[in-house]
J.: 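To start, I am sharing the structure in question, which I have written as structure tokens.
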Amino acid sequence: MDQPSGRSFMQVLCEKYSPENFPYRRGPGMGVHVPATPQGSPMKDRLNLPSVLVLNSCGITCAGDENEIAAFCAHVSELDLSDNKLEDWHEVSKIVSNVPHLEFLNLSSNPLSLSVLERRCAGSFAGVRKLVLNNSKASWETVHTILQELPDLEELFLCLNDYETVSCSPVCCQSLKLLHITDNNLQDWTEIRKLGIMFPSLDTLILANNNLTTIEETEDSLARLFPNLRSINLHKSGLHCWEDIDKLNSFPKLEEVKLLGIPLLQSYTTEERRKLLIARLPSIVKLNGSIVADGEREDSERFFIRYYMEFPEEEVPFRYHELVTKYGKLEPLAVVDLRPQSSAKVEVHFQDKVEEMSIRLDQTVAELKKHLKTVVQLSTSNMLLFYLDQEAPFGPEEMKYSSRALHSYGIRDGDKIYVEPRMK
């Protein structure tokens with residue numbers, strides 16, 4: 001059988017991991033393996049291979065000599081073949097079947113949709129636990145074939161494959177724990193529910209950048225569909241109502257949620273988004289990658305009560321009543337104006353006279369002196385000012401710096417300013 005044109009896996013392997021490009025490094029933890037030389041191998045004592053092979057973007061189109069692959073890749077556990085030119089599943093099978101300890105395989109961005117994956121070829125993947133098929137445009141028929149032949153598959157990546165629908169597999173995949181299916185176009189919940197049917201042991205479901213618009217399912221049905229789901233990522237989905245968020249509580253083991261960039265939250269502040277989500281999702285321990293501490297949860301739930309307390313009864317969510325039962329009806333938080341005071345009413349003392357005045361606190365000492373000229377009948381150059389804080393334990397403070405602003409003294413209503421003539 002003629003080899004496909006282009007570069008072979010074995011050719012690229014020899015080039016990249018030759019002693020000139022990948023020198024042997026001694027010492028513990030280096031992860032470099034020198035295999036026993038096979039009889040008659042022209043590669044005698046030449047290749048120093050790690051257990052993790054990265055051969056992405058190398059123009060690989062075919063396997064090459066299978067005996068050489070078997071001889072030098074017996075210890076390999078991870079293989080990255082992404083962004084190559086592999087278009088024949090049979091060639092992929094020839095590579096993988098000669099890597100007996102392979103657990104991780106990345107075939108992203110290879111044009112494999114051009115060929116059909118036969119079950120006998122898929123059988124060579126049997127030991128793989130993590131499989132990446134991002135941007136491979138792999139059909140659901142291909143995915144089903146893989147699922148039937150990979151009994152230990154734990155993680156599957158199907159991003160950027162232009163899926164608009166999900167086709168159910170004839171058999172369930174009990175082993176799969178993580179499904180990464182971002183950047184497709186799965187808008188309808190009826191498609192997502194099929195994933196629960198196919199993968200009943202799913203622990204983590206990553207649906208970011210799909211335009212899912214709503215979760216159309218009863219609470220009991222959600223619990224049955226995803227009984228083991230612990231984490232869900234709905235970043236940049238199309239969810240636009242709080243009822244969809246409430247339905248996440250139906251997943252019995254859910255404890256981590258990611259919900260950034262959804263239409264529902266666009267009109268809220270950053271603080272409101274986080275607190276309202278935490279309050280509505282009582283079982284989660286991590287939101288958008290950040291741990292929800294006990295103190296934050298209580299603050300958020302109290303915030304939730306106060307947020308909805310003025311809403312009409314028909315607009316108040318059920319969660320509000322649950323939290324009122326927990327904390328009781330709370331008083332609105334006092335509104336504290338933290339802006340600096342702009343004026344103050346003070347007593348101006350000069351000789352035996354006392355006059356109550358309202359003074360602007362944004363003016364300087366020099367400007368205040370000009371204002372007091374007509375009151376005390378003294379020139380500004382002949383005027384000394386002293387400020388007495390009514391609560392200060394010390395005596396009056398001379399206001400000696402003409403350019404100093406009055407607000408920097410902390411002047412408040414009821415304080416006193418004493419005016420004395422400068423002694424000649």
J.: Between H235 (side chain) and G261 (backbone), is there a donor-acceptor pair under 3.5 Å?
T.: no
J.: Quick one: do K370 and E367 make a salt bridge, cutoff under 4.0 Å?
T.: no
J.: Go through T145 and T142 one step at a time and tell me if the side chain to side chain donor-acceptor pair (under 3.5 Å) criterion holds.
T.: CA-CA 5 Å; T145 302; T142 295; over 6 Å; no
J.: Judged by modelled atom types alone, do Y387 and D415 share a side-chain donor-acceptor pair under 3.5 Å?
T.: yes
J.: Any side-chain heavy atom of Q148 within less than 4.5 Å of one from P170?
T.: yes
J.: Let's go through F304 and W242 carefully: what are the C-alpha distance in whole Å and the side-chain angles of both, what is the deciding distance for ring-ring contact (aromatic ring centres under 6.0 Å, His included) to 0.1 Å, and is it a yes or a no?
T.: CA-CA 13 Å; F304 189 91; W242 283 111; 7.9 Å; no
J.: Given 3.5 Å as the limit, does a donor-acceptor pair link the side chain of K137 with the main chain of L114, or not?
T.: no
J.: Which value, rounded to the nearest 0.5 Å, describes the distance between S250 atom OG and I215 atom CD1?
T.: 9.0 Å
J.: Test: salt bridge (Lys or Arg N to Asp or Glu O under 4.0 Å). Region: residues 264-273. Which pairs qualify, not counting sequence neighbours?
T.: E271-K275
J.: Identify whether the distance between the nearest side-chain nitrogen and carboxylate oxygen of D389 and R412 falls below 4.0 Å.
T.: yes
J.: Quick one: does D246's side chain have a donor or acceptor within less than 3.5 Å of a partner on D244's backbone?
T.: no
J.: Show every side-chain hydrogen bond (donor to acceptor under 3.5 Å, both in side chains) that has at least one partner inside residues 395-405, sequence neighbours left out.
T.: R404-S408
J.: Just by distance, do the side chain of H75 and the backbone of L49 share a donor-acceptor pair under 3.5 Å?
T.: yes
J.: Could you pull out every donor-acceptor pair under 3.5 Å between side chains of residues 307-317 and any protein atom, sequence neighbours left out?
T.:
{"unit_1": "Y308", "atom_1": "OH", "unit_2": "R280", "atom_2": "NH2", "d": "3.2"}
{"unit_1": "E313", "atom_1": "OE2", "unit_2": "H321", "atom_2": "NE2", "d": "3.3"}

J.: Between CZ of R306 and OH of Y320, what distance do you get to the nearest 0.5 Å?
T.: 10.5 Å
J.: Just do the salt bridge (charged side-chain N to carboxylate O under 4.0 Å, His left out) check on E301 and R319 with the steps written out, would you?
T.: CA-CA 10 Å; E301 291 176 346; R319 182 63 176 155; 3.2 Å; yes
J.: Test your reading of the model: is there a side-chain donor-acceptor pair from S115 to the backbone of W89, 3.5 Å cut-off?
T.: yes
J.: For a side chain to side chain donor-acceptor pair (under 3.5 Å) check, start with the C-alpha distance between D152 and S175, then their side-chain angles and the critical distance, and finish with the verdict.
T.: CA-CA 6 Å; D152 299 321; S175 61; over 6 Å; no
J.: For residues L207 and T182, determine if any side-chain heavy atom of one lies less than 4.5 Å from a side-chain heavy atom of the other.
T.: no
J.: Tell me the closest heavy-atom pair linking I95 and L81, and the distance in Å.
T.: CD1-CD1, 4.2 Å
J.: So, for S300 and A279, which heavy atoms are closest and what is the spacing to 0.1 Å?
T.: O-CB, 3.8 Å
J.: Mind checking whether C173 and M198 have side chains closer than 4.5 Å, heavy atoms only?
T.: no
J.: In plain terms, say whether R119 and E149 are close enough for a salt bridge, that is, a side-chain N and a carboxylate O under 4.0 Å apart.
T.: yes
J.: Could you check whether K247 pairs with E243 (Lys NZ or Arg NE/NH1/NH2 to Asp/Glu carboxylate O, under 4.0 Å)?
T.: no
J.: Is there a side-chain contact between K236 and I262, using heavy atoms and a 4.5 Å cut-off?
T.: no
J.: Calculate, to the nearest 0.5 Å, the distance between atoms CG and CG belonging to D188 and N211 respectively.
T.: 11.0 Å
J.: Could you check whether any side-chain N or O of D65 sits under 3.5 Å from a backbone N or O of E68, counting only pairs where one atom can act as donor and the other as acceptor?
T.: yes
J.: Tell me, do S290 and N288 make a side-chain contact under 4.5 Å, heavy atoms counted?
T.: no
J.: Do the side chain of R7 and the main chain of C58 share a donor and acceptor less than 3.5 angstrom apart?
T.: yes
J.: Is the number of heavy atoms from other residues, nucleotides or ligands within 6.0 Å of CD (E255) greater than 12?
T.: yes
J.: For a side chain to side chain contact (heavy atoms under 4.5 Å, CB included) check, start with the C-alpha distance between R129 and F104, then their side-chain angles and the critical distance, and finish with the verdict.
T.: CA-CA 6 Å; R129 295 178 180 272; F104 171 88; over 6 Å; no
J.: Less than 3.5 Å apart, any donor N or O on the side chain of D83 or S109 sitting next to an acceptor on the other?
T.: no
J.: Write out all pairs satisfying salt bridge (Lys or Arg N to Asp or Glu O under 4.0 Å) with one or both partners inside residues 214-224, taking only residues at least two apart or from two chains.
T.: R193-E217
J.: Quick one: pull up CG in N110 and CG in L133 and give me the separation to the nearest 0.5 Å.
T.: 9.5 Å
J.: Side chains of D362 and L406, heavy atoms from C-beta outward: is any pair under 4.5 Å?
T.: no
J.: Kindly indicate, with the supporting measurements, whether the criterion side chain to side chain donor-acceptor pair (under 3.5 Å) is fulfilled by S82 and N56.
T.: CA-CA 5 Å; S82 61; N56 62 308; 4.6 Å; no
J.: Does K194 NZ have over 12 foreign heavy atoms under 6.0 Å away?
T.: yes
J.: Tell me the closest heavy-atom pair linking L55 and N84, and the distance in Å.
T.: O-ND2, 2.9 Å
J.: For residues P252 and P227, report the shortest heavy-atom separation together with the two atoms involved.
T.: CG-O, 3.6 Å
J.: Counting distance only, does the side-chain N/O of T218 pair as donor-acceptor with the main-chain N or O of S221 below 3.5 Å?
T.: yes
J.: Minimum heavy-atom separation for P100 to C73, with atom names?
T.: CD-O, 4.2 Å
J.: Can a salt bridge be assigned to the pair K177 and E154 using a cut-off of 4.0 Å between side-chain N and carboxylate O?
T.: no
J.: Between the main-chain N or O of A63 and the side-chain N or O of E91, is there a donor-acceptor pair closer than 3.5 Å?
T.: yes
J.: Hey, what do you get for OG1 (T61) to CG (D88), rounding to the nearest 0.5 Å?
T.: 10.0 Å
J.: Under the ring pair (Phe, Tyr, Trp, His ring centres under 6.0 Å) rule, what pairs show up with a residue in residues 209-232, not counting sequence neighbours?
T.: F226-F251
J.: Any side-chain heavy-atom pair from L368 and I359 closer than 4.5 angstrom?
T.: yes
J.: I would like to know whether L330 and R302 meet side chain to side chain contact (heavy atoms under 4.5 Å, CB included); could you show each step before the answer?
T.: CA-CA 8 Å; L330 306 179; R302 289 178 176 275; 3.4 Å; yes
J.: Does anything in residues 174-220 form a ring pair (Phe, Tyr, Trp, His ring centres under 6.0 Å)? List the pairs, not counting sequence neighbours.
T.: F157-H180
J.: Applying salt bridge (charged side-chain N to carboxylate O under 4.0 Å, His left out) to K345 and D413, what does each step give before you reach the verdict?
T.: CA-CA 5 Å; K345 289 184 178 180; D413 292 343; over 6 Å; no
J.: Can you tell me if S93 and S124 form a side-chain donor-acceptor pair at under 3.5 Å?
T.: yes
J.: How close do N184 and D162 get, heavy atom to heavy atom, and via which atoms?
T.: OD1-N, 2.9 Å
J.: Find out whether S108 and V132 are in side-chain contact, i.e. whether some heavy atom of one side chain is under 4.5 Å from a heavy atom of the other.
T.: yes
J.: Hey, could you give me the OG1/CG distance between T204 and N233, rounded to the nearest 0.5 Å?
T.: 10.0 Å
J.: Between the main-chain N or O of L160 and the side-chain N or O of D183, is there a donor-acceptor pair closer than 3.5 Å?
T.: no
